[in-house]
Each structure stands twice: as C-alpha cells, then as structure tokens.
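Presented below is the structure to which this report refers.
Below, chains carry the letters A, B, ... as their sequence lines are ordered, and counting in each starts from 1.
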Amino acid sequence: MDKQIAKAYDHKAVEDKIYKFWLDGGYFRTKADKSKKPYSIVMPPPNVTGKLHMGHALDQTLQDILIRFKRMQGYNTLWVPGVDHAAIATEAKVVAKLKEEGLSKEQLGREGFLKKAFEWKENYGNIITDQIKKLGASCDWSRERFTMDQMCTKAVNEVFVRLYEKGLLYKGERIINWCTKCKTSISDAEVDFNEKAGHFWYIKYPLENSEDYIEIATTRPETLLGDTAIAVNPTDQRYRHLIGKTAILPLMGRSITIVGDDYVEPDFGTGAVKITPAHDPNDFEVGLRHKLPIICVMNEDGTMNENAGVYKGLDRYEARKRIVKDLKALGLIAKVEDIHHNVGTCYRCGETIEPMVSEQWFVKMHDLAQPAIKCVQEGEVRFIPSRFEKIYFNWLYNIKDWCISRQLWWGHRIPAYYCAECGNTMVSGEEVTSCSKCHSTEISQDENTLDTWFSAALWPFSVFGWPDDTEDLEQFYPTDTLVTGYDIIFFWVVRMIFSGLEHTGQIPFKNVLIHGLVRDAQGRKMSKSLGNGIDPIEIIEEYGADALRFTLATGNSPGNDLRFSEEKLMASRNFANKIFNAARFIHMKADSFSVNPDLPENLQIEDKWILSKLNKVTQEVTGNIDKFELGLAAQKIYDFIWDDFCDWYIELAKIRLAQDKQSKVADATRSMLIFVLQQILKLLHPFMPFITEEIWQTFPHTTALIIAKYPEHEQKFADFAEESEKFEMIIKAIKAIRNKRAEMNAPMSKKIKMYIETEHPEIFASTSIFIERLSNSSPIELVQSGARLPDDVITIVTTDAKVFIPSAELLDKEEERTKLQKAYGHVQKEYDLAESKLANANFLNKAPSSVVEKVKQTRDDMKKKLENLSMEIDKLK
RNA sequence: GGACGUUUAGCUCAGUUGGUAGAGCAUUCGCUUGACGUGCGAAGGGUCAGCGGUUCGAGUCCGUUAACGUCCACCA
C-alpha cells in the first residue's frame with residue numbers, strides 16, 4: 001500500500017494481487033480433517049458456456065461470506081466449485097455456431113458433434129470460473145467439478161441403474177412436452193405458460209346417421225386430425241343421450257365415439273370436447289379411461305405426418321389455416337372467437353410447446369417424494385426464509401412423474417442397451433456388448449441423453465466421489481448450506497433433496513438459503529431480451545469487487561428481490577475508501593508501533609467506550625450471520641466502522657495524541673487504534689475480503705487475515721459497559737453543543753466560551769479536552785447549580801448536563817424562547833408517555849422488569865430535562 | 001382457480017424474540033478541520049397502505065380490504 005501518496009483506495013492495484021496471494025498460500029484448499037468441525041457448501045454450478053450475471057454474483061457473494069466467516073471461526077471449510085453442462089442451452093449454442101459454418105448436427109453425426117461440443121466447452125468453459133475468481137470467491141479450485149466429468153458421470157450411471165433395478169424408472173409412451181425447435185422432450189417444470197392471443201374455433205361434428213351436429217370448441221384445430229372421441233359430461237342433460245353414439249370426424253371421415261367423462265366441464269365452451277389423446281395431456285387421460293386409440297398426427301419438427309391425410313408435410317400452423325379454411329368451405333365452422341389464453345412455451349427457446357405422445361424414460365415420483373416432504377416437515381432441512389417451504393410442499397404434493405430422457409446429444413447418454421435379436425433391455429453402468437438373454441452381440445445403446453437436472457440432482461454428493469466411499473464424502477456430506485435463488489426450487493432443490501435421501505440415505509444439506517432476483521434500477525427483471533442486464537465484471541472494474549459484494553449483501557433480506565442501483569454501489573465504494581483512509585491515518589500516527597497483543601493497562605474512558613461498542617457489535621454480527629441475516633450484519637459493521645470508529649474514536653484519538661505524543665496514554669492510544677482496526681478488518685473480511693486483507697498485511701501480523709480468528713464476545717470488554725455509558729454523556733453533550741451552534745449560526749471556526757453544570761463533574765472534567773476540541777470552545781468551566789453566570793447565555797440542556805454559552809450578540813431572545821418551548825413540548829410528550837405507562841398497573845405487573853426500569857429511567861431523565869428547560873425559558877422572559 | 005410476497009422519509013430499502021421508527025441517496029445550512037470532499041458537522045422530512053382484533057403496549061402477532069408483483073394449476 002502506497003500510504004504516502006494515494007489518498008483514495010485503488011481496488012485495481014489490489015484485488016488480483018490479493019487473490020493470487022490467497023491461491024498461492026493454498027488458503028482455499030481443504031483436506032478432510034476429523035479433528036476439526038466441517039462446514040461445507042457446494043456451489044450451484046453455472047452453465048459451462050455461460051457468462052457471469054448479477055444473479056450469480058449475488059449467489060456467490062452470499063456463499064463466500066458464509067464460507068469465509070466459518071473459515072475464520074476455525075471450521076474445516078470446503079466450498080466446492082463447478083460448472084454444469086447445461087444440456088439444451090449448450091447444445092443450442094453449438095448448433096447455432098455450426099449453422100454459421102454451414103454445418104448441421106446430423107451432418108456431423110453424434111461423435112463429430114460431441115467433439116465440436118467439447119471443443120466449445122474447452123474454449124468457453126473457463127470464462128465463468130475466471131469471473132467467479134474476480135468476485136473473490138474462496139472456493140477450493142482443486143476440487144472443481146463438471147457435471148459431465150468422469151466422477152459425476154459415474155454417479156449418474158449408478159443412480160440410473162439403481163432406480164431402474166428398484167423399479168423407479170420406466171420407459172413408456174406418455175404424453176410429454178415437445179419442443180419443435182429444440183427437437184426434444186422437456187419436463188413439466190421446463191414449460192413456461194405465457195398468455196397469448198389466439199382463437200376459439202367452434203366446429204360442428206356431424207352425428208352418424210343423423211342430420212344433427214355436435215359442436216365443440218378448440219384452440220388448435222389441427223389436432224382435430226388426431227381426434228379419436230368426443231367427450232361430454234355424463235350429467236349434462238344436453239348431451240346425455242348422445243353418449244355411446246358415433247360422430248363423424250370432419251375432413252377425415254373417421255367414426256369417433258361420444259363418451260361421458262367427468263373431466264368435461266359443462267359450463268365451459270360448448271360442453272363437448274374433442275378428444276385427441278396423442279396431443280393433449282387431459283385428452284390422453286380420457287383416452288386411457290375409455291381405451292381410445294392414440295393417433296399422433298405430427299412429426300418432431302412440428303410438421304404434419306402421414307396420419308394427417310392431405311395435410312401431411314405442412315407445418316402445424318399452415319395446417320391449422322388450411323383446416324379452418326376447409327372446414328369453413330364445408331360449413332362446419334359455427335363461429336370464431338378471439339381469446340387470450342395461456343400457451344405453454346419452451347423455457348429455453350420460447351417456442352410453443354406441442355404436447356405429444358412419445359416413448360420416453362420417466363422417474364416414478366410418488367415414493368421418492370414422501371421422504372423429501374418429511375425431512376422438511378421435521379425440520380431436518382430448513383428453508384430460509386421458511387415461507388419457501390410451502391412452495392416446496394405444494395410442488396411435492398402434486399408431483400407427477402419426471403420425464404428424464406432428452407433427444408439431445410450433449411449430456412449423459414442413457415445407460416440402457418437394447419438387443420436387436422430378442423428386444424431385451426439392459427441397464428448398466430458398464431458398456432453392454434452382448435445380450436444377457438440371447439447372447440446376441442447386436443446391441444445398441446439408447447440414443448437419448450438425460451435431463452440436465454438429473455445430474456444436477458446428484459451434485460451435492462457426486463462432487464465428493466459418491467458412490468465411492470470417499471474421505472470427502474464422509475467429512476463434508478451432508479453439506480451445511482445450499483445458497484440459491486427461488487426460481488430453481490422446483491428444478492433443482494427438490495430434486496437434490498429426494499435424490500440425496502434416496503441414494504445416500506441422508507439429506508444433502510441442512511439449510512437452504514434462498515435469495516431473490518437482482519432487478520435493474522427500474523425494478524425490471526434483468527434479461528437478455530430487454531438488454532438491461534448489468535455485467536458484474538464491468539462493475540468490478542469500475543467500483544471493485546468489495547463494493548459490489550457489499551452492495552449485494554446489504555439492504556435486502558433473504559428471499560426478497562433486490563434492486564440494483566449505482567448509488568448504492570457508490571456508497572459501498574466510498575465505504576471501502578473510508579476504511580482505507582482510516583488505515584492510512586493509523587499508519588501515519590502509529591506506524592512502526594508494535595501493538596501489544598494484550599491491551600494496554602491504562603485504558604482511558606474513551607478506549608473503554610469503543611471496546612464496549614466493539615464487543616457489542618461483534619456479538620450481534622456473529623449472531624446475525626449465524627441466523628443468515630447477512631444484510632443486518634453488514635449494516636452493523638458499517639455503522640460501527642463509520643460512525644463509532646472513524647467519526648468518534650479516531651477524532652478522540654487525534655486529541656489524545658496531540659496532547660502529549662510521548663506519554664503512556666498516547667502509547668496506549670496508538671495500541672488501541674491498531675487493535676480496533678484489526679478487529680474491524682476481521683469483522684468485515686467475509687464481506688469485503690480484498691481491502692481488508694490488503695490493509696491487514698500492512699500492519700504486523702502473524703497469519704493472513706483470511707485465516708485469522710474471527711472476533712468473539714469478550715467478557716473483559718463487556719465489563720466496560722458502565723464506563724461506556726458514562727462516556728455517552730460526553731458524546732451527547734458534544735452533539736447537543738454542535739447542534740445548537742449550527743442552529744445559532746455560530747460557525748465552528750468561531751471559538752466560544754462555555755460553562756457546564758452537571759451531576760457528573762468528574763467525568764466532564766476528565767474529558768473536557770474532548771468537549772473543547774470537538775465543539776471548539778475555550779477551556780470549559782464546570783459550575784455549580786445557581787452559580788453566577790454572565791447575563792446573556794444560551795442554554796443547552798441534555799439529560800446529564802446544562803451547557804451555558806455566553807453570546808449576547810448572537811442571541812435572539814424571542815427566537816431562543818420559541819425553540820426552547822418547542823423542545824419542551826417534545827420532552828413533555830415523552831414524559832407523559834412514560835408517566836402514563838407507569839401509572840398503568842397492568843404495565844407494571846405484566847411488562848418485564850427491565851422494560852419497566854427503562855421507562856422509569858426515561859421518566860426521570862425527562863423530568864430533569866423539563867425542569868432545566870422551564871428554568872431556562874423563565875430566564876428568557 | 002390456489003398460494004405467496006410487497007406496501008415504512010422525496011427515491012431505494014433495513015427494521016433480528018412485540019417495548020412509540022433507521023440507513024444510503026436526494027434536499028437545506030455550515031465547514032480550505034494535518035486520514036478521507038469518495039470527506040466533516042448539522043437540519044428538515046414518516047398518523048409504518050386502510051379498517052378491525054389480540055395485548056399493559058403492535059411497523060412487528062391475528063383477521064379483513066385495496067393496490068402492485070410473483071409462483072403454481074390451467075378451460076378443451
């Protein structure tokens with residue numbers, strides 16, 4: 001630190017250097033060590049080809065605060081970093097890149113494509129980890145994992161095999177969500193419902209052997225081609241007689257039956273529903289109940305297939321237009337309504353989802369969900385804030401089977417093998433080369449890959465080498481805290497919990513700290529399409545990682561969204577600068593002064609005051625962090641540093657040092673400055689690691705700050721409470737004098753004369769130098785009640801003292817009297833309130849005695865003040 | 001349709017087991033103070049969304065209403 005020249009903190013000169021220092025020192029690396037209590041966090045893995053956004057920055061900051069705090073408390077801390085292969089997202093990016101080169105997936109073939117994808121991963125995979133480092137994340141990079149590395153893949157295969165053998169996995173034809181753009185199935189959780197404008201077409205289906213029609217309404221006329229029934233509610237008088245009858249499917253001429261089913265709501269639409277089991281989840285269920293044929297009329301790319309008759313080959317929307325036109329021509333369109341309805345879209349690409357019957361792999365969820373519900377109900381896993389438990393339960397109570405197969409190449413290939421000879425299905429973690437039944441070698445592996453979240457669900461234990469019985473697993477699993485946003489509770493948190501319980505028999509983590517979204521200054525969600533995203537790296541460049549971290553950690557509470565603003569960032573940067581300058585000052589005054597690790601014996605009252613405050617803030621901050629109230633903790637440290645330490649203690653120390661540089665008192669003050677600064681650096685380190693470590697190292701030290709012991713509550717400091725309170729009287733007096741001076745337009749540059757009347761003359765006498773300097777007064781005179789004073793004095797009344805300032809020339813009696821009367825009114829109100837409480841027998845009986853004592857104290861104080869004030873008001877008459 | 005969140009100073013937000021409200025920014029006034037103007041000293045500004053209840057006491061707990069927002073389900 002160039003303490004002679006630099007007046008402002010330069011984060012650019014510090015952050016990379018300090019990060020390298022930590023890395024070189026191996027402070028992030030952890031060994032399993034049974035003699036120490038473990039504390040572990042597994043990082044939610046960002047997408048391997050992604051870029052750091054503010055959401056990550058928040059997430060990582062919170063984790064790093066917890067890890068650094070626990071590390072300093074002496075825990076054996078481990079923070080495991082890693083990245084996710086992000087199946088759809090990455091595959092889509094690679095496909096887009098290939099397209100630029102005039103290539104397609106299909107042209108390259110599976111192996112060729114995967115080669116390209118791995119190249120892509122190698123090129124871009126480090127970007128995000130480098131960015132995480134910029135934030136100061138103290139994770140153990142020697143344990144960095146990738147969801148598709150060998151270790152994780154082993155876990156994925158093991159889990160697949162176990163679930164299969166347990167009968168919890170099945171392959172079957174079910175209705176799934178199909179994205180025609182990504183050309184893959186996606187799970188229910190991956191469908192976003194967006195309101196879109198559409199139409200409601202009322203279509204007449206002729207009844208067989210009749211002139212009559214039955215009218216249905218649909219938003220997707222093209223699915224008509226796959227209709228295999230019409231359903232009505234069995235209680236519906238209008239249609240009851242038609243149940244069991246047959247209608248003719250328009251355009252196709254097929255006979256379809258009319259069935260009765262409770263699913264149909266008589267009041268909606270026409271009360272009759274076309275049933276397309278292959279293209280609607282509800283219809284699929286109806287189809288199962290009535291054993292209806294399933295006719296799929298669409299291809300994977302959203303064009304109509306051979307079952308679509310003359311519409312074959314047309315895109316689904318083109319087919320829709322043609323079908324409507326043709327129906328119109330036949331006079332079968334009764335009416336068309338404009339409507340707004342919710343349309344399922346792909347969460348990745350935004351394309352309208354096509355529900356479609358398809359053969360896929362599913363995880364049976366019911367049995368897996370039960371222990372996951374229980375462990376949260378019983379408090380084994382705790383959500384912070386707890387309201388998210390409700391959302392968690394709601395999802396699990398209504399859970400449906402999880403479609404885990406994806407028609408992608410980038411991901412874990414499903415370890416299922418099929419025999420071409422006998423059709424046998426074999427599931428194995430090892431490659432299968434011959435059939436276990438017929439010994440044929442005509443074996444092919446399933447072409448599909450697994451949902452990204454399938455591997456992510458195993459993350460908390462796969463990173464430790466599960467299913468092997470590793471030291472890491474034993475020491476660090478279950479992990480302590482998972483930190484993540486509320487947006488992926490369903491995708492991820494739920495699945496990790498049931499997976500952990502099922503496969504390891506243990507919960508994956510004890511606490512789930514949920515944070516909100518980072519929004520822009522207008523409160524909008526940051527998104528690529530809006531272009532309102534703020535790049536954390538640019539912010540770090542301009543303001544520093546410490547400032548960014550502090551901004552993200554303060555002024556919000558768990559689970560709530562936070563608005564990102566430049567103003568807050570500036571305030572955080574200014575805070576860093578404030579600390580830097582405090583340290584610079586201490587270097588100037590106490591450099592080469594070796595601090596005695598034991599505090600000096602001759603502590604002054606102001607020393608005891610700051611130690612008492614420090615002790616209190618230490619205790620509170622530790623409690624707050626333990627309760628995940630990181631924002632509160634940061635705020636308290638901020639206030640202590642800025643207000644108590646910088647604005648008061650350092651100012652007091654200046655006066656002490658100026659008194660007599662050689663004295664023992666001055667030596668003690670120098671010790672104190674260094675001691676308190678060091679405690680401050682420790683307290684703040686988890687929040688602002690770079691600047692604190694940097695300053696720490698400019699003072700004599702035995703260890704790096706990152707592993708220094710976090711301050712603890714000290715009884716010897718707590719014992720200073722009484723004296724500390726006495727010193728508060730002096731602070732109050734100084735504040736009151738300054739206040740009055742400002743009011744009276746008596747600038748601080750003008751020296752004034754003061755007399756003080758108090759019941760605590762010894763305190764005021766011993767600290768008179770502070771009062772004189774900090775309110776620019778000539779030596780104060782302590783006077784007794786009733787002492788003779790100059791005629792025209794302004795009086796300042798505090799609880800503990802009356803301060804008289806002779807300043808006839810400044811005094812406007814009338815104005816002064818008005819002010820005093822106003823003050824009297826305020827005090828009177830406070831007094832009355834206290835009095836009324838004390839007159840209330842219920843209060844006296846029921847309120848805790850400490851509260852009663854406090855109120856009594858207030859009443860007495862206010863009474864004294866009132867007396868003083870009224871005397872002064874009288875004098876002014 | 002169901003659930004949840006928010007509503008506190010001009011703005012953005014804190015408020016830890018209930019003990020008559022705080023910060024940052026903004027505004028106004030005063031400071032060329034030997035760490036820092038990215039600073040120092042001060043001031044103004046709030047019936048804590050409305051109503052009702054529990055309590056000696058409610059921003060804090062319960063009920064209800066309103067506005068805004070989010071999530072889940074989903075109507076063919």
Side-chain angles (χ1 to χ4, degrees), chain A residues 3 7-9 193 200 216-220 223 231 263-265 267-276 280-283 286 339 341-342 344 385 387-388 390-391 394-395 398 486-487 489-490 516-517 521 523 525 554-557 559-568 570-589 620 623-624 627 629 631-633 635-636 638-639 646-647 650-651 654 658 734-735 738-743 745-749 773-776 829-830 833 836-837 840-848 850-852 854-855:
Chain A
K3 55 194 182 250
K7 280 194 166 187
Y9 174 62
F193 283 92
F200 224 4
I216 59 89
T218 182
T219 54
R220 295 184 299 153
T223 62
Y263 149 70
V264 181
E265 282 180 43
D267 298 337
F268 190 79
T270 64
V273 187
K274 65 192 268 309
I275 299 298
T276 324
D280 183 278
N282 292 310
D283 291 7
V286 174
I339 54 158
H341 61 149
N342 280 332
R387 66 182 135 94
F388 288 101
K390 224 171 175 171
I391 294 175
N394 188 49
W395 167 266
N398 299 302
Y486 60 69
D487 49 335
I489 292 176
F490 304 134
L517 267 37
K525 203 168 155 177
T554 50
N556 81 304
S557 43
N560 286 354
D561 291 351
L562 76 103
R563 218 176 267 222
F564 194 82
S565 77
E566 201 96 350
E567 285 79 26
K568 223 164 138 186
M570 279 165 70
S572 303
R573 190 236 5 226
N574 293 353
F575 180 46
N577 190 57
K578 186 77 183 173
I579 300 159
F580 172 81
N581 276 292
R584 205 160 62 90
F585 169 77
I586 293 169
H587 268 300
M588 286 169 59
K589 295 296 179 190
E620 287 182 7
N624 286 139
K627 283 186 275 177
E629 293 160 352
L632 268 182
Q635 188 61 48
K636 283 175 186 169
Y638 178 99
D639 289 341
C646 291
D647 288 347
I650 288 184
E651 292 309 313
K654 281 178 189 171
I734 293 169
K735 281 186 175 171
R738 284 169 167 175
N739 180 331
K740 182 62 84 178
R741 289 185 67 127
E743 242 176 57
N745 292 322
M748 283 297 286
S749 50
R773 290 295 167 79
L774 296 177
S775 52
N776 196 21
K829 246 173 122 179
E830 222 175 313
L833 187 81
S836 72
K837 278 186 181 176
N840 183 337
N842 276 324
F843 174 74
L844 294 175
N845 292 335
K846 294 181 182 175
S850 65
V851 173
V852 175
K854 220 170 117 186
V855 173

Note to self: What I want to find out is whether K525(A) reaches D561(A) closely enough, with some N-O distance under 4.0 Å, to be called a salt bridge.
What the structure shows: no
Looking only at U38(B), G19(B), C4(B), the nucleotide nearest the V851(A) side chain is G19(B)
Pair K568(A)-T554(A), side-chain donor/acceptor within less than 3.5 Å: no
Among the nucleotides U16(B), C74(B), A76(B), whichever has the atom closest to the side chain of N282(A) is C74(B)
_Suppose you measure atom C1' in U27(B) against the same atom in G10(B); what distance do you get, rounded to whole Å?_
8 Å
Side-chain contact check for R563(A): nearest option of U16(B), A76(B), C13(B) is C13(B)
Here the distance between atom P of G24(B) and atom CG of D647(A), to the nearest Å, is 10 Å
Of the candidates G41(B), A76(B), C36(B), the side chain of V264(A) sits closest to A76(B)
| message | Between A9(B) and G18(B), how many Å separate the two C1' atoms, rounded to a whole number? | response | 23 Å
Worksheet entry | C62(B) and G19(B), which share atom name P, separated by this distance in whole Å | 15 Å
Whichever of Y263(A) and Y9(A) has the more 5' nearest nucleotide on RNA chain B, that residue is Y9(A)
Pairing donors with acceptors under 3.5 angstrom, does anything connect the side chains of N581(A) and K7(A)?
no
C1'-based separation of U16(B) from C74(B) [nearest Å]:
41 Å
Note to self: Say we look at C13(B) and C48(B): how far apart would their C1' atoms be, to the nearest angstrom?
What the structure shows: 13 Å
N560(A) has its side chain closest, among U6(B), C74(B), A35(B), to U6(B)
- Classify the side chain of K578(A) versus the base of C36(B) as yes if they form a donor-acceptor pair under 3.5 Å and no if they do not. yes
Any donor-acceptor pair under 3.5 Å joining the side chain of E629(A) to the base of A14(B)? no
From the candidates A35(B), U70(B), A42(B), the one with an atom nearest any side-chain atom of N739(A) is A42(B)
The side-chain hydrogen bond (donor to acceptor under 3.5 Å, both in side chains) partner of K274(A) among D280(A), D283(A), T223(A) is T223(A)
